[in-house]
Amino acid sequence: MKVIAVPVRDDNYAYLLIDEPSLKAAAVDPYDVAKVAEAAQTHGVEIVAGITTHHHFDHSGGNEALKYPNAIIYGGSDKVPALTKLVKDKDEFTLGDNVHVKCLATPCHTQDSICYYVTDKTDKTHPGGVFTGDTLFLAGCGRFFEGVGSEMVTALNYLGTLPEETVVYNGHEYTSGSVSFGRHIDPENSGLAKLADITSKNKVTTGLTTIGDEKEWNVFMRLESDAVKKATNATSDMPQSAIMDALREQKNNFKG
């Protein structure tokens, strides 16, 4: 199994998810079909599926391209353009010979947000990965366009149950801004210092970090930390959903 990041638009990521034995691939959030097709040609693979994390156009905008009329299009609702296979939480499918895909429903950013946990059925040395769309960013999370804080708490906790070594493939290159906000909330966090170093050395940060890392440095996954509680003026009986709402509101207004 191999994952190729394909930067599109100003800051989006599309991906090729490749089953190496069969040379079959899925295009994940293929907004710019020409760029994704070029990457497929470079790597000598055939695109047989489209995997959509949610219906927003900057992720699903390439689904209706006539270039791959026979590709199966996976997604979480009929709002996904050209959908041919509706998926729900815990659905599973196989790409090519060996790539196993498990669907994780994470409604909040949109109600049809699906994260896709991918593993290689034969190569047990591969750590696996998760395509998180606009639910989880490196050191951040998506806006609550169609949901509320309690849903994002549930979504991030769900992703947190994946193996620590699971590689994160997120939907946007927002890492620098997320680090700035994280250090504003939790300035003593050594993990954020490490991520800042990664960001300074890599224009493309997706695929370089893990779920275990997110638990260390993502303030949206550390609602019980003293730093987050202090920043949100959380009381002892304040539910995590309220802390999440307060933290997201601060991020929405952050100018750093």
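Y74 and F93 have their aromatic ring centers within a separation under 6.0 angstrom. Checked against a 6.0 Å centroid threshold, the rings of F131 and Y116 do not count as neighbours. Ring pair H109/H59: centre-to-centre distance not below 6.0 Å. Annotation: H172 is not in aromatic contact with Y13 [ring centroid separation under 6.0 Å not met].
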Check: Does the pair K2 and D19 meet the rule for a salt bridge (Lys or Arg N to Asp or Glu O under 4.0 Å), with working shown?
Finding: CA-CA 7 Å; K2 180 186 293 185; D19 175 66; over 6 Å; no
Next item on the list: Please lay out, stage by stage, how R222 and W217 fare under the test side chain to side chain contact (heavy atoms under 4.5 Å, CB included).
Entry: CA-CA 8 Å; R222 303 181 64 251; W217 63 44; 5.9 Å; no
Next item on the list: Decide side-chain hydrogen bond (donor to acceptor under 3.5 Å, both in side chains) for H55 and D112; before the verdict, give the C-alpha distance in whole Å, the side-chain angles of both, and the deciding distance to 0.1 Å.
Entry: CA-CA 7 Å; H55 70 264; D112 62 359; 3.0 Å; yes
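In this model, no donor atom of one side chain and acceptor atom of the other lie less than 3.5 Å apart for T154 and N157. Counted by atom type alone, T206 and N170 present one or more donor-acceptor pairs between their side chains at under 3.5 Å. With 3.5 Å as the limit, one finds no donor-acceptor pair spanning the side chains of D197 and T199. With hydrogens and angles left out, the side-chain atoms of T175 and E173 include a donor and acceptor closer than 3.5 Å. Using modelled atom types and a 3.5 Å distance limit, the side chains of D29 and T53 yield a donor-acceptor pair. Between the side chains of T135 and T106, a donor-acceptor pair is found at a separation under 3.5 Å. R248 and N252 share a donor-acceptor pair across their side chains, judged by distance under 3.5 Å alone.
Under the 4.5 Å side-chain contact rule for hydrophobic residues, I73 and Y15 do not share a cluster. The hydrophobic clustering, which links ILVMFWY residues whose side-chain heavy atoms are closer than 4.5 Å, places V87 and L83 apart. Hydrophobic clustering, with ILVMFWY side chains joined whenever heavy atoms are under 4.5 angstrom apart, groups V219 together with M244. Using a 4.5 Å cut-off between side-chain heavy atoms of Ile, Leu, Val, Met, Phe, Trp and Tyr, with links allowed through other members, M238 and L247 fall into the same hydrophobic cluster.
More than 12 heavy atoms of other shown residues, nucleotides or ligands fall within 6.0 angstrom of atom CD in E165. Heavy atoms from other residues, nucleotides or ligands lying under 6.0 Å from CD of Q41 number 12 at most. By the neighbour-count criterion of 12 heavy atoms within 6.0 Å, atom CD of E188 is sparsely surrounded, having that number or fewer from other residues, nucleotides or ligands. Applying the 6.0 Å contact sphere to NZ of K121 captures more than 12 heavy atoms from other residues, nucleotides or ligands.
Contact annotation: the side chain of N98 never approaches that of D123 to less than 4.5 Å [non-hydrogen atoms, C-beta and beyond]. Within the 4.5 Å cutoff, side-chain heavy atoms of D58 are placed close to those of R9. Proximity of E224 to Q240: side-chain heavy atoms (C-beta onward) are separated by under 4.5 Å at one or more points. Counting heavy atoms from C-beta outward, E216 and S190 have side chains that approach closer than 4.5 Å.
Distance alone, capped at 3.5 Å, is enough to place a donor-acceptor pair between the S178 side chain and the Y174 backbone. Although no hydrogens or angles enter the test, the distance criterion places no donor-acceptor pair under 3.5 Å between the side chain of D186 and the main chain of G182. A donor-acceptor pair is defined here as one N or O able to donate and one able to accept, closer than 3.5 Å; no such pair exists between the side chain of K90 and the backbone of K102.
Exactly one of V3, V36, V28 qualifies for a side-chain contact (heavy atoms from CB on, under 4.5 Å) with L16. That residue is V36. Considering E151, K79, H54 as possible partners of Q111, the one that fulfils the side-chain hydrogen bond (donor to acceptor under 3.5 Å, both in side chains) test is E151.
Closest non-hydrogen pair, V168 versus T210, comes out as CG2-C, 3.7 Å.
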